[in-house]
A.B. asks: 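Right, I'll just put the structure down here and ask away after.
Values reported hereafter were calculated over all heavy atoms of this structure, with side chains retained and with hydrogens, waters and symmetry mates removed. In this chain, residues are counted from 1 in sequence order.
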Amino acid sequence: MRTTTLGPAQREAALARMADEELDILVVGGGVVGAGTALDAATRGLSTGLVEARDWASGTSSRSSKLIHGGLRYLEMLDFTLVREALKERGLLLERLAPHLVKPVPFLYPLQHKGWERFYAGSGVALYDAMSFSSGHGRGLPVHRHLTRKHALRVAPALKKDALVGALQYYDAQMDDARYVTTLVRTASAYGAQVANRARVIGFLREGERVVGAKVEDVEGGAEYEVRAKQVVNATGVWTDDTQSLIGERGQFHVRASKGIHLVVPKDRIHSTTGLILRTEKSVLFVIPWGRHWIVGTTDTDWDLDKAHPAASSADIDYLLEHVNSVLHTPLTRDDVQGVYAGLRPLLAGESDATSKLSREHTVAHPLPGLVVVAGGKYTTYRVMAKDAVDEAVHGLDHRVAECITEEVPLVGAEGYHALWNARARLAARTGLHVARIEHLLNRYGALTEEVLQLIVEDPSLGDPLPAAEDYLRAEIVYAASHESARHLDDVLTRRTRISIETFDRGVRSAREAAELMAPVLGWDKGQIEKEVEHYQKRVEAERESQRQPDDTTADAARLGAPDIVPL
C-alpha cells in the first residue's frame, strides 16, 4: 500500500529541496485543482512542487456543498458536455479512485404540479441516469424512481403534505471536500511531489518574458526561497487575478467570485431518510445528509470583498431558512443551526451578469512563456482540469512526457479499503473500539486507518473521544499534525475534522485539548498553545458576529476582526 507522511520535518525538507533543484512543474495553489495538478504531473514522471499560502483546501475547496455530482441543473441549460464529463468523473471516484471518501447519497425532488412536471423532470433525471451509464462508470448507483405523494412522505416525513403532489428520487455522491484535498496532496507526495503549505508565492522569477519560477515565503519561519521551474501552473481559484498581478499580467480571462453559504443542523431536526433538492427563484437548494447532521445550501451572490474569509450575513441565513421552511412540516429556527460556512466559487466572467448563470466550465491559458493558468470548473471535474493544465504545461518542456494516467491512480487509502471494510468487525474486536468507530475511521482514512490505530497502540489514551466533539478520537488530532500537514489548531478543527461546523459551540470547548495534543508533534510550548486557543476563540466569535450583521459589507468587517494566522 502506497503511503506518505506529511509532518513538520517533511515540510521543511520539501521547501529545501524545491529551492535546491529546478523543477519541471511548480504548482501554485493547494485547493483541489492545484493538488490534482501536482498528482497528474508527478504520475507522469515530472519533478513537481506544490505550494499553498495558507492550508490545503483553506479556500473554496473546503467550503463547497460536499457533492460529487454531474450537475443536474446544467441539463436544463443544455450543457450536455459538462454533465457527461462530470458523471464520468463521479463514477471513477466512486468505483476506483476514492471509494473510501466518495459515497452515494439519495435525493428527493418534490413535484408541485401534476402531469407535465413529472414528465419534464422525469425526462431530465432519466437522461441523467442514461448519461451516467453511457460513461461506463455509472453502475455503482441505483437508478431514479418515481414516487407518489404518499410514498414520498414515508421516505421524507419532514415534508409538508401540501408541499408536493409526488416526487422523484435519484442518486448522486458526496465527500468531505477538505479531507479529499488533503488525501490528494498526500497521494501526490507519495508519487514524488514536493509539497508545502503555509508557503506563499510573493513574486515570480523572470528571464526576459519567460517565467522561470517563483519567490516563495515560508509564512511560518519567514525565510524566502527561490524555486526555479521550467513551467509554473497558477491554480489559485478565486485568487487567479491576484496571482497574475504579481507579474503585471491580468491574463486572458477574468475570474469572478460568487458566494455560497451553507447551514449545518442536527440530524433530528429534519425527519427524512433522503436528501432533498428544491427549486428556488434563483437556483436550487439542497438538504444534504452529512453524518449526524444535515447541510442546507446554497446561496449564489456576487462577492467582491475579502476572499480569504467570505462572511455569511444574517440575510444569507434568513434566505436559506425561509426557502427550506417553505416545504418543512416543522420549521427550522436560528437555534437549530449548529454551524455556518461560506465559500466562493471561481467563475469565468463574461457569460452573464447573474453569477448563477456564469460558466462552470474551465479554461486553461498560457499567457506567458513558462506560465500556465487554469481556472473555473467545478469540484467534480478537478481531475480533467488538472490533466488539461499539465497537457498545456508540457508543451513548454524540452522532452517527451507521458500521457495522463490519473484515471488509473487510486488515492492513498483506497487500496485495501474494501477488504478492511469487510473485516471491520474483526478490526473492532482487535482494537477494542466499537465497530461504528472503525467505520468512521475507514470512511475518513481508508486503508490508512491502520496508521491511526497504531497511534492508539502506542498510547491507549488516544483511543478516547475528544471532549465536546465525541465523533472524533484524540488520535485523529495527533494524526492530523503528524501525517496530514496540519500546522495550526484552526487547520484541525476546521478542515482535518469538521468540529467547527458540527458542534453548537463550534469547537471552542474542544480547542484546548486539541492544541495540547498537537503541541508535542509541532514543538509548541505553553505560550504557543495559549496563542492557538485564543486565536481560534477569536475566529469563532468573529464568525458569529458576522452572522448577526444585516449585509455583506458589515458581515465582512466583523469577520475581519480576527487575525488570519497565529505567528509561531
A.B. asks: Sequence neighbours left out, what passes salt bridge (charged side-chain N to carboxylate O under 4.0 Å, His left out) with R149? Give chain and number order.
C.D. replies: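 Not a single residue meets the salt bridge (charged side-chain N to carboxylate O under 4.0 Å, His left out) criterion with R149.
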A.B. asks: Just by modelled atom types, is the K66 backbone N or O under 3.5 Å from a matching donor or acceptor in the D177 side chain?
C.D. replies: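 Answer holds: no.
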A.B. asks: Quick one: ring-ring contact (aromatic ring centres under 6.0 Å, His included) pairs with a partner in residues 326-349, sequence neighbours left out?
C.D. replies: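 Every pair satisfying ring-ring contact (aromatic ring centres under 6.0 Å, His included) with a residue in residues 326-349: H262-Y341.
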A.B. asks: Walk me through it: do R548 and E545 pass the test salt bridge (charged side-chain N to carboxylate O under 4.0 Å, His left out)?
C.D. replies: CA-CA 5 Å; R548 290 189 280 266; E545 182 61 29; 2.9 Å; yes
A.B. asks: Just checking, is any N or O donor in the side chain of D335 or T333 under 3.5 Å from an acceptor N or O on the other one?
C.D. replies: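 Per modelled atom types, D335 and T333 side chains form no pair under 3.5 Å.
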A.B. asks: Look at the side chain of T60 and the backbone N and O of G343, then say whether any donor-acceptor pair between them is shorter than 3.5 Å.
C.D. replies: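 A pair under 3.5 Å: no.
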A.B. asks: Is it the case that the side chain of R424 and the backbone of W421 share a donor-acceptor pair, with hydrogens and angles ignored and the cut-off at 3.5 Å?
C.D. replies: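 Yes, R424 side chain to W421 backbone: donor-acceptor pair under 3.5 Å.
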A.B. asks: Evaluate salt bridge (charged side-chain N to carboxylate O under 4.0 Å, His left out) for R496 paired with D491, printing each intermediate quantity in order.
C.D. replies: CA-CA 6 Å; R496 303 306 182 278; D491 299 343; 5.0 Å; no
A.B. asks: Going from CD1 on I288 to CD on Q174, what distance comes out if it is rounded to the nearest 0.5 angstrom?
C.D. replies: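 I288 CD1 to Q174 CD: 7.0 Å, rounded to 0.5 Å.
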A.B. asks: Run the numbers on D129 and Y171 for side chain to side chain contact (heavy atoms under 4.5 Å, CB included), then give the verdict.
C.D. replies: CA-CA 9 Å; D129 282 346; Y171 279 77; over 6 Å; no
A.B. asks: Can you tell me which residue among E543, Q537, H535 is in a side chain to side chain donor-acceptor pair (under 3.5 Å) with R539?
C.D. replies: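 Among E543, Q537, H535, the one that satisfies the side chain to side chain donor-acceptor pair (under 3.5 Å) with R539 is E543.
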A.B. asks: Would Y472 and H440 count as a close aromatic pair, with their ring centres under 6.0 Å?
C.D. replies: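 Centroid separation for Y472 and H440: below 6.0 Å.
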A.B. asks: Between V340 and L263, which heavy-atom pair has the shortest distance, and what is it?
C.D. replies: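 Answer, listing the atom of V340 first, then L263: CG2-CD2, 4.0 Å.
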A.B. asks: Any sub-3.5 Å donor-acceptor pair from W294's side-chain atoms to I270's backbone N or O?
C.D. replies: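 Looks like yes, one N/O pair under 3.5 Å.
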